[in-house]
> 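Here's a structure for you.
Every chain is numbered from 1, with letters handed out A, B, ... down the list of sequences.
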There are 2 protein chains.
Amino acid sequence: MRSYGQYCSIARALDIVGDRWTLLVVRELMLQGPCRFTDLKKGLPGVAANLLSARLKELEAAGLLTREDAPPPVATALYALTEDGRALEPVLRALGLWGLRFMTEERPDDSFRARWLAYAPAWFTTDADPGAPPAVIQVVASGEPAVIEVRDGRIHSRTGRVTDPDLLLEGPPRAVLGLLTGVIDLELAQGLGLSVRGRRELLARLRPVPRD
Amino acid sequence: MRSYGQYCSIARALDIVGDRWTLLVVRELMLQGPCRFTDLKKGLPGVAANLLSARLKELEAAGLLTREDAPPPVATALYALTEDGRALEPVLRALGLWGLRFMTEERPDDSFRARWLAYAPAWFTTDADPGAPPAVIQVVASGEPAVIEVRDGRIHSRTGRVTDPDLLLEGPPRAVLGLLTGVIDLELAQGLGLSVRGRRELLARLRPVPRD
DNA sequence: CCGCATCCAACAAGATACTG
DNA sequence: CAGTATCTTGTTGGATGCGG
């Protein structure tokens, strides 16, 4: 990208991560951890291979990620964020929190990955009842499964399944995400196609962070 | 900008503010308050008039700013952020804090405005001695003046001059900014061309916020 | 398959000139 | 002053190819 040529830390940050796709590449590496070219491509539907390749080179040159040949079991290059790259987490958090306000708008053609939903409760909610015992919520949105754990007064999340969750939420991403982030209530979520099984009072423990 | 087409709040945020120049337009409106087309253009050296015009239209359509015909004394259109637009402040803060790490690199051709320096201590430092009496620092970087006030345990800033400051810092932007944000020490800043007059012990009150 | 490199049509950005 | 019109250039997305 062409530099803005301004002595301003916002402009200099954008000189590096302001290009199209760049912050989404960082998002994928932040959410997935070190991964291969193909994993990144799967997590970035719509990106052209040459462009992803270019972005990875730029990010490596800027010192935000490293490219390393993984040991035999993988036998291919792995991309991983450096400390400077991981330091972008507050940027992604701030952007993601601000962007929540647009998640109620329906856009049927949007692609979806469970990872994109899983980070939301972890980043944008806190445990309203830290003293209560741990609990596990299984989420399935658009067929993709994720697990939300409420434990030690914190919210953790990951993709995948768990046996015997305390609560099971299944439905379209809009309903699941809206409910988990407190944007819509249970009744409305069910109206959007959400099915609920288990201890629904657990939902009250997910307290949205203040939006400022 | 073409949408990323992903149901992810980060991607949706970038659908709206991910275009080139867009976040810098928001920065100017955030730092300057409501202003005219020309004021924006002056605060965005390098932007083409047609592009600025396009961005303003897009931001208005997205509900991030309003365009209003100002009353007689100004007699021209004023652009102002809406609440959704102002809600981007945490994004700009996070980006600006992350970008500080690149501000030590010298790029002689970068343009500079006092406003771009003034927000840094206000956003990225706190008053290490909240009980101490108020103090005023006059800063002049690259000929552009700004005022930093340390008061009520907080750091405020604005462009302009004040009579009889407690401390006067004058020098190239890199020296002034580095010193104010705690990236470099006084000795190094003086090596970079900073001149200091007054109560230099005031500098100890500017405590950098943790970088995570 | 993985990790790109190459090619091309469509689009966005930058510079400059111009108008109400 | 506050933009618009036009032109040129650069970037992107998408398809395809290709060695390891």
> B/Asp39 has an atom CG; how far is it from atom P of D/dC1, in whole Å?
9 Å
> In whole Å, I'd like the distance from the CG atom of A/Leu44 to the P atom of D/dT12.
15 Å
> Considering all heavy atoms of both residues, which atom of B/Asp185 and which atom of B/Leu179 are nearest to each other, and what is their separation?
C-CD1, 3.9 Å
> Rounded to whole angstrom units, what separation is found between the NZ atom of A/Lys57 and the C1' atom of C/dG3?
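That distance rounds to 9 Å.
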> May I have the distance from B/Phe37 (atom CZ) to D/dA2 (atom P), rounded to whole angstrom?
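Atom CZ in B/Phe37 sits about 8 Å away from atom P in D/dA2.
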> Among D/dG3, C/dC4, C/dC2, find the nucleotide with the atom closest to the side chain of A/Tyr79.
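Selected nucleotide (nearest to the side chain): C/dC4.
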> Identify the heavy atoms of B/Glu28 and B/Arg115 that sit nearest to each other, and give their distance.
OE1-NE, 3.7 Å
> Is the side chain of A/Tyr7 donor-acceptor paired with the backbone N or O of B/Leu117 at a distance under 3.5 Å, no angle test?
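Side chain of A/Tyr7 to backbone of B/Leu117, a donor-acceptor pair under 3.5 Å: no, none is there.
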> Taking only residues two or more places apart in sequence, or in another chain, which ones meet A/Arg113 in a salt bridge (charged side-chain N to carboxylate O under 4.0 Å, His left out)?
none
> What is the distance, to the nearest angstrom, from the CZ atom on B/Arg55 to the P atom on D/dT4?
14 Å
> Look at B/Thr76 and D/dA2 and indicate whether a side-chain polar atom (N or O) is within less than 4.0 Å of OP1 or OP2.
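Yes, B/Thr76 has a side-chain N/O under 4.0 Å of OP1/OP2 on D/dA2.
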> On the six-membered ring of A/Tyr119, is A/Arg93 placed so that its NZ or CZ lies under 6.0 angstrom from the centre and within 45° of the ring axis?
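Ring-cation test returns no.
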> Report the distance from atom CG of A/Leu40 to atom P of C/dC2, rounded to the nearest whole Å.
12 Å
> Treat primed atoms plus P, OP1 and OP2 as sugar-phosphate and everything else as base, then score nucleotides 14-20 of chain C 5' to 3': B for base contact with protein heavy atoms under 4.0 Å, S for sugar-phosphate contact only, - for none.
BB-----
> Check every atom of C/dA13, D/dT12, C/dC4 against the side chain of A/Arg67 and return the nucleotide holding the closest atom.
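Of the options given, the side chain of A/Arg67 lies nearest C/dC4.
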> Are OP1 or OP2 of D/dC1 and a side-chain N or O of B/Lys42 less than 4.0 angstrom apart?
no
> Please report the distance, rounded to the nearest Å, between CG in A/Asp19 and C1' in D/dT12.
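Value for this atom pair: 11 Å.
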> Hey, are B/Arg107 and A/Gln6 close enough side-chain-wise for a donor-acceptor pair under 3.5 Å?
no
> For a quick test of reading the model: is some side-chain N or O of B/Ser53 closer than 4.0 Å to OP1 or OP2 of D/dT4?
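Yes, such a contact exists.
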> Are the side chain of A/Ser9 and the backbone of B/Gly99 linked by a donor-acceptor contact shorter than 3.5 Å?
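Not confirmed, A/Ser9 side chain does not pair with B/Gly99 backbone.
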> If I take atom CD in residue A/Glu58 and atom P in nucleotide C/dC4, what distance separates them, rounded to the nearest angstrom?
14 Å
> Kindly indicate whether the side chain of B/Thr66, heavy atoms from C-beta on, has any atom under 4.5 Å from the side chain of B/Glu60.
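Not in contact.
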> Specify whether A/Trp116 and A/Phe112 have parallel, tilted or perpendicular ring planes, treating 30° as the upper limit for parallel and 60° as the lower limit for perpendicular.
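Answer is perpendicular, since the angle exceeds 60°.
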> Considering the terminal five base pairs at each end of the helix from C/dC1-D/dG20 to C/dG20-D/dC1, what angle separates the two local helix axes, rounded to 10°?
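One end axis against the other gives 30°.
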